[in-house]
J.: 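Below are the structure tokens for one structure; questions will follow.
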Number of protein chains: 2
Amino acid sequence: MNRPRANLKDVAGRAGVDVSTASRVLANKPGQRVADETRQRILDAARDLDYRPNALARGLRTSRTFALGLVVPQLDNPVFSAAIRGAEMAAAALGYSLLISHRDPDRPMAGEYRRLAATHQVDGLLVASLDDDRNLIEELGETGVPFVLMNRHIDGMPGVALDSRQASRIAVEHLLDLGHRRVAHLAGRLGGFNGQARIAGYRDALEAAGIPFRPEFVEPAGYTVEGGADAMRRLLALPGPRPTGIVAATLVSATGGLAALHAAGIGVPDEVSVVAIHDAPIAAMVYPALTTIRMSTEEMGAKAAGLLVELIAGRSPEAPPLLPPEGLIRRQSTAKPAT
Amino acid sequence: MNRPRANLKDVAGRAGVDVSTASRVLANKPGQRVADETRQRILDAARDLDYRPNALARGLRTSRTFALGLVVPQLDNPVFSAAIRGAEMAAAALGYSLLISHRDPDRPMAGEYRRLAATHQVDGLLVASLDDDRNLIEELGETGVPFVLMNRHIDGMPGVALDSRQASRIAVEHLLDLGHRRVAHLAGRLGGFNGQARIAGYRDALEAAGIPFRPEFVEPAGYTVEGGADAMRRLLALPGPRPTGIVAATLVSATGGLAALHAAGIGVPDEVSVVAIHDAPIAAMVYPALTTIRMSTEEMGAKAAGLLVELIAGRSPEAPPLLPPEGLIRRQSTAKPAT
DNA sequence: CTGTTAGCGCATTCAC
DNA sequence: GTGAATGCGCTAACAG
């Protein structure tokens with residue numbers, strides 16, 4: 001029963017034509033002169049035999065694999081999970097497969113993606129980057145295949161990123177609208193692309209509201225639970241009245257902050273409100289459930305895949321501007337400040 | 001500068017030999033008669049030109065792609081993230097690439113993986129399964145390529161799964177050791193492979209301790225936050241003294257349970273202790289941080305990849321037995337029962 | 001409109 | 001020990 005897959009020759013034979021004719025019909029390119037009747041015979045034969053072109057042979061001939069390589073620094077980050085999902089769906093819709101390659105940023109030369117490119121397994125690379133991927137760009141250039149950066153922007157390179165600045169601004173404005181006046185920021189990596197943008201958005205919002213910027217209210221928390229907890233403790237240790245609202249750069253640091261607040265016996269949202277940038281299932285899993293700014297992470301993946309396919313096709317597409325946040329998700333971690 | 005990749009002909013030319021000889025040397029198969037001096041010339045040439053075999057051409061010739069397809073029902077599940085990481089690393093170590101394919105269990109025929117198999121893009125399939133993937137097996141058979149199931153076992157099919165029963169038992173024993181006597185279970189899907197195993201482990205531990213099994217203490221919670229919260233509420237609504245210890249089948253349902261406990265004003269771990277099966281970063285992100293049973297999820301991915309490669313090679317390897325838990329991770333959600 | 005021809009890069013059988 | 005010849009399945013120029 002399970003006979004081997006039919007190939008083009010089988011289809012052509014069954015339709016009584018030459019393989020080249022079958023190829024032409026099945027390629028379905030515009031402006032091909034083939035008699036309707038012949039075309040139909042070939043189509044029927046292909047359907048009857050459940051013909052699927054051998055991607056290897058086609059790739060060898062055309063030097064196109066219709067596969068994209070996806071390079072991620074970590075798999076267990078909700079941001080990247082969502083981006084991968086978006087990329088996978090967009091790639092599938094465009095007829096591309098997705099090859100995944102984990103790249104440990106701590107080991108510079110690690111990563112299978114160089115091999116993927118060198119052995120012609122992929123037509124291009126989708127690169128999800130943390131802020132601190134130092135030598136990545138250099139490595140990428142050497143591969144000789146087109147690539148698109150995700151989650152950060154570097155001048156002159158194609159990439160798609162999120163509008164972190166606006167996200168941060170919306171988060172602060174939410175707290176301001178509730179009546180908060182002392183709003184602090186659990187910041188990301190100070191030198192990083194997204195980290196910087198979030199601080200800028202925080203300042204934007206304060207400025208628009210006429211509230212003076214206080215440097216001591218910006219505490220670097222990095223992207224870990226402990227970092228978030230430490231930063232929160234430093235904030236609480238500040239002299240003078242403490243902040244009543246907190247904007248965390250990430251969900252992870254937000255949860256660290258929550259833990260420090262709990263440990264200090266400070267009620268959320270009764271005494272302190274917390275908003276986090278990014279949304280994911282975990283936001284609803286912590287206590288109290290976090291109010292968040294939902295980012296277009298999945299769309300980022302999809303847009304990046306689309307852009308890469310354009311690049312592969314030899315076009316010079318416009319890199320999309322920063323993707324705006326999808327909006328505020330109000331949950332239980334924010335409320336009016338205690339009077 | 002960026003001249004096109006060298007191919008075998010270039011290497012052979014540079015070494016002054018025929019391509020077939022170069023191929024022989026580079027294939028590096030045992031029992032090949034090639035003069036040491038010739039071999040060295042070829043190796044040198046390959047190194048100088050940074051030769052990488054074209055995977056497409058090789059695949060076309062040998063009908064092997066050295067790529068594995070990975071089918072996952074969801075990307076944002078920590079269990080699958082870890083399994084993917086394990087699979088990716090093992091595959092890379094074995095010289096295989098990983099093609100990812102999302103498969104929505106709600107849409108029966110969805111999933112690119114069928115195309116991957118049909119077009120010879122992968123040598124085999126690694127299939128991460130939820131309990132409820134009904135028609136998956138049937139679909140898999142039709143692809144005609146070898147496959148390995150992850151996270152569940154079905155008689156007669158190769159697969160690697162976790163020892164959920166033992167995990168559950170360890171979780172209950174931990175609570176028993178602390179002095180708890182009324183221990184309830186937030187169960188997974190009652191009909192599912194892992195769900196059943198966890199209930200069995202729960203009963204094992206009770207029985208070994210001589211504590212009678214009470215059916216009303218097993219509440220199906222599914223795999224969602226809401227499911228966990230609902231189940232917990234039902235448990236709290238039970239007449240008589242309430243359970244002091246809870247074993248949740250998953251992290252997700254555990255957090256739902258925690259939320260319900262918080263909402264009811266019940267202290268964790270002061271009044272109720274909670275243990276969850278599975279460990280992931282989120283366990284440390286909730287409040288209080290969850291005591292968990294750490295499972296060998298990453299190893300599951302790695303073992304599955306290894307098994308699949310054996311299958312592809314035509315061997316008939318033993319499917320590994322269930323993977324035992326890595327142990328208990330004690331955090332803040334468990335303590336002695338209030339006296 | 002359709003068939004013939006050539007070749008993508010490699011592994012492999014067969015000569016010598 | 002090494003080279004010559006063949007073909008994996010497909011596409012694309014060129015004939016006719």
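The chains referred to below are lettered A, B, ... by the order of the sequence lines, with proteins before strands, and numbering in each begins at 1.
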J.: Could you tell me whether the phosphate oxygens of dT12(C), OP1 or OP2, come under 4.0 Å of any side-chain nitrogen or oxygen in Ser23(B)?
T.: no
J.: Quick one: side chains of residues 67-78 of chain B, donor-acceptor pairs under 3.5 Å with protein atoms, not counting sequence neighbours, listed by atom name and distance.
T.:
unit_1: Gln74(B); atom_1: OE1; unit_2: Asn77(B); atom_2: ND2; d: 2.7
unit_1: Asn77(B); atom_1: OD1; unit_2: Val79(B); atom_2: N; d: 2.8

J.: What's the CD-C1' distance between Gln121(B) and dG9(D), to the nearest Å?
T.: 14 Å
J.: Take the protein atom CG of Leu26(B) and the nucleotide atom C1' of dT12(C), then report the distance between them rounded to whole Å.
T.: 15 Å
J.: Pick base, sugar-phosphate or nothing for Arg58(B), based on heavy-atom distances below 4.0 Å to the nucleic acid.
T.: sugar-phosphate
J.: For Tyr51(A) and dG9(D), give me the distance from atom OH to atom P, rounded to whole Å.
T.: 10 Å
J.: Ignoring hydrogens and angles, state whether a donor on the side chain of Asp123(A) or Thr65(A) is under 3.5 Å from an acceptor on the partner side chain.
T.: yes
J.: If you look at every strand shown and take non-hydrogen atoms under 4.0 Å, does Leu8(A) touch a base, only sugar-phosphate, or nothing?
T.: base
J.: Do any pairs count as a salt bridge (Lys or Arg N to Asp or Glu O under 4.0 Å) and have a residue in residues 11-34 of chain B, sequence neighbours left out, and if so which ones?
T.: Arg14(B)-Asp48(B)
J.: Run the side chain to side chain contact (heavy atoms under 4.5 Å, CB included) test against Pro320(A) and tell me which residues pass, sequence neighbours left out.
T.: Val160(A), Lys303(A), Leu307(A)
J.: Over all heavy atoms of both residues, which pair between Ala319(B) and Gly159(B) is shortest? Give the atoms and the distance, please.
T.: CB-O, 4.1 Å
J.: Looking for any heavy atom pair under 4.0 Å, which part of the strands does Ser63(A) touch: base, sugar-phosphate only, or nothing?
T.: nothing
J.: Once you round it to whole Å, what is the distance between P of dG9(C) and CZ of Phe66(B)?
T.: 20 Å
J.: Name the closest nucleotide to the Pro53(A) side chain, picking from dT2(D), dC10(C), dC10(D).
T.: dC10(D)
J.: So, is Lys29(B) close to the dA11(C) phosphate, meaning a side-chain N or O under 4.0 Å from OP1 or OP2?
T.: no
J.: Rounded off to whole Å, could you give me the NE2-to-P distance for the His120(B) and dG9(D) pair?
T.: 8 Å
J.: Under 3.5 Å, is there a donor on one side chain and an acceptor on the other for Ser97(A) and Arg115(B)?
T.: yes
J.: Write down the distance between CZ (Arg5(B)) and C1' (dC8(C)), rounded to a whole number of angstrom.
T.: 17 Å
J.: As a test of understanding, state which of Ile312(A), Leu98(A), Leu116(A) forms a side chain to side chain contact (heavy atoms under 4.5 Å, CB included) with Val122(A).
T.: Leu116(A)
J.: Quick check on the helix from dC1(C)-dG16(D) to dC16(C)-dG1(D): what's the angle between its two end axes, five base pairs per end, to the nearest 10°?
T.: 50°
J.: Identify, with sequence neighbours excluded, every residue that meets side chain to side chain contact (heavy atoms under 4.5 Å, CB included) alongside Ala92(B).
T.: Glu112(A)
J.: Using heavy-atom distances to pick each residue's nearest nucleotide on DNA chain D, tell me which of Arg39(B) and Leu56(A) is more 5'.
T.: Arg39(B)
J.: Base, backbone or nothing for each nucleotide of nucleotides 3-8 of chain D, written B, S, -, heavy atoms under 4.0 angstrom, 5' to 3'?
T.: BB--BB
J.: Please evaluate residues Asp44(B) and Arg47(B) with respect to the criterion salt bridge (Lys or Arg N to Asp or Glu O under 4.0 Å), reporting the C-alpha separation (whole Å), side-chain torsions for both, the decisive distance (0.1 Å), and the verdict.
T.: CA-CA 5 Å; Asp44(B) 289 347; Arg47(B) 189 177 24 71; 2.8 Å; yes
J.: Could you state the CZ-C1' distance from Arg33(B) to dC16(C), rounded to the nearest angstrom?
T.: 14 Å
